Amino acid sequence: MAEVKERDRRYARQLPDEFITMSGMPGDRLTLLVGRHWASQTAPARAELAHALLLVLQPLLGPGAEVTERKRQACEDIVASWLTRQ
């Protein structure tokens, strides 16, 4: 179980970097990312996570925005909280 948690943490922390390198609409990007990393979860659960992450990651598409430790930590916190509810 600890290995799964570490894997999820690692996935969550890399989300901002993956998000900014993708093309397409922000919601579509997150749907793909969440589906890639948490495919075993139900579609409604994945949609819930994508929506929560959108609030943190969408600002990365603005001018001058950059991936920061704070963004990585926010993603990790969101994913951890979401996983505890699954």
Side-chain angles (χ1 to χ4, degrees):
M1 188 66 158
E3 182 177 314
V4 171
K5 289 180 183 180
E6 177 60 27
R7 183 191 67 206
D8 291 325
R9 185 185 75 77
R10 204 171 52 250
Y11 289 161
R13 292 185 67 74
Q14 72 188 26
L15 284 173
D17 299 291
E18 290 179 297
F19 180 80
I20 63 168
T21 62
M22 297 174 77
S23 61
M25 298 299 293
D28 295 339
R29 294 177 192 202
L30 282 167
T31 297
L32 287 170
L33 288 172
V34 170
R36 179 184 306 156
H37 297 306
W38 294 282
S40 64
Q41 298 293 328
T42 66
R46 290 191 315 265
E48 175 190 336
L49 177 58
H51 179 71
L53 289 166
L54 186 61
L55 299 173
V56 171
L57 296 176
Q58 189 167 8
L60 286 175
L61 300 178
E66 61 183 44
V67 174
T68 63
E69 178 59 27
R70 188 174 187 168
K71 290 283 186 196
R72 289 185 183 101
Q73 187 62 54
C75 289
E76 185 178 347
D77 293 345
I78 289 168
V79 169
S81 175
W82 173 77
L83 285 170
T84 62
R85 295 189 309 272
Q86 301 311 306

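Here the structure is a predicted model, which is why all the values come from computation and not from measurement.
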message: Would you say CE of Met22 has more than 12 non-hydrogen atoms from neighbouring residues, nucleotides or ligands within 6.0 angstrom?
response: yes

field: Audit row: Glu18, His37, side chain to side chain contact (heavy atoms under 4.5 Å, CB included) steps and yes/no
entry: CA-CA 12 Å; Glu18 290 179 297; His37 297 306; 2.9 Å; yes

query: Which value, rounded to the nearest 0.5 Å, describes the distance between Gln41 atom CD and Arg46 atom CZ?
result: 8.5 Å

task: Give, for atom CG of Asp8 and atom CD of Glu6, the distance between the pair rounded to the nearest 0.5 Å.
output: 9.5 Å

- prompt: What is the distance from atom CZ of Arg9 to atom CG of Leu83, rounded to the nearest 0.5 Å?
  reply: 13.0 Å

- request: Check whether any side-chain heavy atom of Trp38 lies under 4.5 Å from a side-chain heavy atom of Gln86, and answer yes or no.
  value: no

query: Just how far is it from atom OH of Tyr11 to atom CG of Leu33, taken to the nearest 0.5 Å?
result: 12.0 Å

- prompt: What heavy-atom pair brings Glu66 and Leu60 nearest, and what distance separates the two atoms?
  reply: O-CD2, 3.3 Å

message: Within the supplied structure, the quantity of interest is the number of heavy atoms (other residues, nucleotides, ligands) at a distance under 6.0 Å from Arg70 CZ; does it exceed 12?
response: no

- prompt: How far does CG of Leu15 sit from CZ of Arg36, to the nearest 0.5 angstrom?
  reply: 9.5 Å

task: Group every Ile, Leu, Val, Met, Phe, Trp and Tyr by side-chain heavy-atom contacts under 4.5 Å, then state whether Leu61 and Leu54 land in the same group.
output: yes

message: With a 4.5 Å cut-off on side-chain heavy atoms, are Leu57 and Cys75 touching?
response: yes

- prompt: Do NZ/NE/NH1/NH2 and the carboxylate oxygens of Glu69 and Arg13 come within less than 4.0 Å?
  reply: yes

query: Lys71 versus Val56: any side-chain heavy-atom pair under 4.5 Å?
result: yes

message: As an exercise, state the distance from CG of Asp77 to CZ of Arg72, rounded to the nearest 0.5 Å.
response: 14.0 Å

